[in-house]
Trainee: 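Take this structure, written in structure tokens, and hold onto it; I'll ask about it next.
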Amino acid sequence: MVLSKIPAHVAIIMDGNGRWAKKRGKPRIYGHQQGMESVRAVVETARKVGIKVLTLYAFSKENWARPLEEVKFLMGLLEHYLQKEVEELHQKDIQIRAIGEIERLPERIQVILHQAIKKTAANKGMILNLALSYSGRAEIARAARLIAEACKRGQLSPDQITEQTFARYLYTADIPDPDLLIRTSGEKRLSNFLLFQCAYTELYITPILWPDFREKEFMAALEDFSRRERRFGKTSEQIKGKA
Ligand code: IPE
Ligand code: IPE
Ligand code: MG
């Protein structure tokens, strides 16, 4: 498949693991386990087609409110993934990053995560950005706090606070906004994901549940994206004239 337009940054809300398991009469955690295979497939495909940044919503700040057993299992999966995959990601020239309240993660995961980030920091093939304990509103409030502190210290003045300045205080400071946001499992909401960054992002919602979302489904989403006309407020004629 030849894609006429490749998004530089793809963000994915990986949803539907619980329902996938339930349909099979299995516990929710079974769905999370199978979902890890989709993570591998999507990372591999993204690298292959030349996507520059892949952001995966792996655990939201709100997800802390799930039953403790499920939270523990998800943390275990994350730990396992990092321990098992970092070397291979490194070989593939993938740079690992994380956004969210990382300090809330279990200590041992923070250690492994920081090691992975450090080890892969110079890689140029693709950025794999993991959203962990992430909340878009919390990120925006944090940016406001950092900006207020900078103003108080006299390093920034209020009239310098533009959209661009604000964006520099987000976790995604040096990452372009997502071009494409994919959500699996058919839910039509953002669930507090990248609220500031997705102002003009193309949305792709598929009923496919995350454990079933593999290369074929990802390619279908990319193909759909490549056919879209992004107008950013302009008219279609203006966009075509420019092309
Ligand atoms: C997504 O699947 C994984 C996480 C949110 C961690 P869910 O666990 O939300 O699955 P559903 O939505 O209940 O089916
Ligand atoms: C969003 O999925 C968070 C992740 C995929 C990590 P949820 O399943 O938690 O979202 P809601 O609560 O149904 O909106
Ligand atoms: Mg869900």
Trainee: What closest approach, in Å, do Q160 and Q155 show between heavy atoms, and which atom pair accounts for it?
Mentor: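 Scanning both residues completely, I find the closest heavy atoms to be OE1-O, 4.4 Å.
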Trainee: Any idea which heavy atoms bring E44 and K92 closest together, and the distance?
Mentor: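 For E44 versus K92, the nearest heavy atoms are OE1-NZ, 3.1 Å.
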Trainee: Without swapping roles, check the side chain of E217 against the backbone of R214 for a donor-acceptor pair under 3.5 Å.
Mentor: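 Between the backbone of R214 and the side chain of E217 there is a qualifying donor-acceptor contact (under 3.5 Å).
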Trainee: Between H90 and K119, what is the shortest heavy-atom contact and its length?
Mentor: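 That would be CE1-O, 3.4 Å.
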Trainee: Taking the side chain as C-beta and beyond, is there a heavy-atom pair between T172 and T55 under 4.5 Å?
Mentor: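 T172 vs T55: side chains apart.
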Trainee: Could you tell me if the side chain of R227 sits less than 4.5 Å from the side chain of E223, heavy atoms only?
Mentor: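 They are in side-chain contact.
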Trainee: Going from CG on N129 to CD1 on I117, what distance comes out if it is rounded to the nearest 0.5 angstrom?
Mentor: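 If I round to the nearest 0.5 Å, the distance is 9.0 Å.
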Trainee: Is the shortest heavy-atom distance from the side chain of L82 to the side chain of Q115 under 4.5 Å?
Mentor: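 Side-chain contact under 4.5 Å: no.
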Trainee: Can you measure from CG (L54) to CG (L180) and round to the nearest 0.5 angstrom?
Mentor: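 Atom-to-atom, L54:CG and L180:CG are 10.5 Å apart.
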Trainee: Indicate the atoms forming the closest heavy-atom contact of V10 with F218, along with that distance.
Mentor: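 Minimum heavy-atom separation between V10 and F218: CG1-CE1, 4.2 Å.
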Trainee: How far does NZ of K61 sit from CG of N192, to the nearest 0.5 angstrom?
Mentor: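 Rounded to the nearest 0.5 Å, the NZ-CG separation comes out at 8.5 Å.
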Trainee: Checking R108 now: which residues fulfil salt bridge (charged side-chain N to carboxylate O under 4.0 Å, His left out) with it, not counting sequence neighbours?
Mentor: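 Salt bridge (charged side-chain N to carboxylate O under 4.0 Å, His left out) check on R108 returns E79.
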Trainee: Answer yes or no: is there a side-chain heavy-atom contact under 4.5 Å between L89 and T120?
Mentor: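 Heavy-atom side-chain distance check fails, nothing below 4.5 Å.
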Trainee: Would a 4.5 Å heavy-atom cut-off, applied to side chains only, mark L209 and T184 as touching?
Mentor: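 They are not in contact (no side-chain heavy atoms under 4.5 Å apart), so the answer is no.
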Trainee: List the atom of N17, the atom of P211, and the distance in Å for their closest heavy-atom pair.
Mentor: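 Where N17 meets P211 most closely, the heavy atoms are OD1-CD, 3.3 Å.
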Trainee: Go through the side-chain N and O atoms of S185 and W210 and say whether any donor and acceptor fall under 3.5 Å apart.
Mentor: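 There is no such pair between these side chains.
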Trainee: If you define the side chain from C-beta out and look only at heavy atoms, does anything of I175 sit under 4.5 Å from R97?
Mentor: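 Sidechains of R97 and I175: in contact.
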Trainee: Taking the basic N atoms (NZ, or NE/NH1/NH2) and the acidic carboxylate oxygens, is any pair closer than 4.0 Å for K5 and D179?
Mentor: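 Looking at K5 and D179, the cut-off is not met.
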Trainee: Just by distance, with hydrogens left out, do S236 and E229 show a side-chain donor and acceptor under 3.5 Å apart?
Mentor: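 Indeed, the side chains of S236 and E229 share at least one donor-acceptor pair under 3.5 Å.
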Trainee: With side chain to side chain contact (heavy atoms under 4.5 Å, CB included) as the criterion, how do N63 and V71 come out once you've worked through the C-alpha distance, each side chain's angles and the decisive distance to 0.1 Å?
Mentor: CA-CA 8 Å; N63 287 149; V71 171; over 6 Å; no
Trainee: Just to verify, what does D15 make a salt bridge (charged side-chain N to carboxylate O under 4.0 Å, His left out) with, not counting sequence neighbours?
Mentor: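 Per chain and number, D15 pairs via salt bridge (charged side-chain N to carboxylate O under 4.0 Å, His left out) with R19, R183.
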Trainee: When you group the ILVMFWY residues by side-chain heavy-atom contacts below 4.5 Å and let the links chain together, are L130 and M126 in the same group?
Mentor: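 Yes.
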Trainee: Quick one: pull up CG in L132 and CG in L78 and give me the separation to the nearest 0.5 Å.
Mentor: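 Atom-to-atom, L132:CG and L78:CG are 5.5 Å apart.
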Trainee: What do the steps show when you test R66 against R28 for side chain to side chain contact (heavy atoms under 4.5 Å, CB included), and what is the final call?
Mentor: CA-CA 12 Å; R66 289 194 179 191; R28 294 177 54 83; 2.9 Å; yes
Trainee: Taking the side chain as everything from C-beta on, heavy atoms only, tell me whether Q33 gets closer than 4.5 Å to I29.
Mentor: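 Sidechains of I29 and Q33: no contact.
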Trainee: Going by atom types only, do D177 and H9 share a side-chain donor-acceptor pair under 3.5 Å?
Mentor: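 No - no donor-acceptor pair under 3.5 Å links their side chains.
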Trainee: Any non-hydrogen side-chain atom of K48 less than 4.5 Å from a side-chain atom of E215?
Mentor: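 Yes, their side chains come closer than 4.5 Å.
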Trainee: How close do P158 and C151 get, counting heavy atoms only, and between which atoms?
Mentor: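 Shortest heavy-atom separation between P158 and C151 comes out as N-SG, 4.2 Å.
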Trainee: With a 4.0 Å cut-off on N to O distance, would you call E139 and R142 a salt bridge?
Mentor: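 A salt bridge is absent here (no side-chain N lies under 4.0 Å from a carboxylate O).
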Trainee: Quick one: hydrophobic cluster around F166, which other residues, with the 4.5 Å side-chain cut-off, linked directly or via members?
Mentor: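 Its cluster partners, ordered by chain and number, are I13, Y57, I99, Y134, I140, L146, I147, L156, I161, Y169, L170, Y171, L181, L190, F193, L194, L195, F196, L203.
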Trainee: F213 and M14: side chain to side chain contact (heavy atoms under 4.5 Å, CB included), yes or no, with the steps?
Mentor: CA-CA 9 Å; F213 192 88; M14 312 185 286; over 6 Å; no
Trainee: When rounded to the nearest 0.5 angstrom, what is the spacing between CE in M75 and OG in S133?
Mentor: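 Between M75 CE and S133 OG, I get 7.0 Å after rounding to 0.5 Å.
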Trainee: Could D212 and K23 be called an ion pair, given the rule that one side-chain N must be under 4.0 Å from one carboxylate O?
Mentor: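 Looking at D212 and K23, the cut-off is not met.
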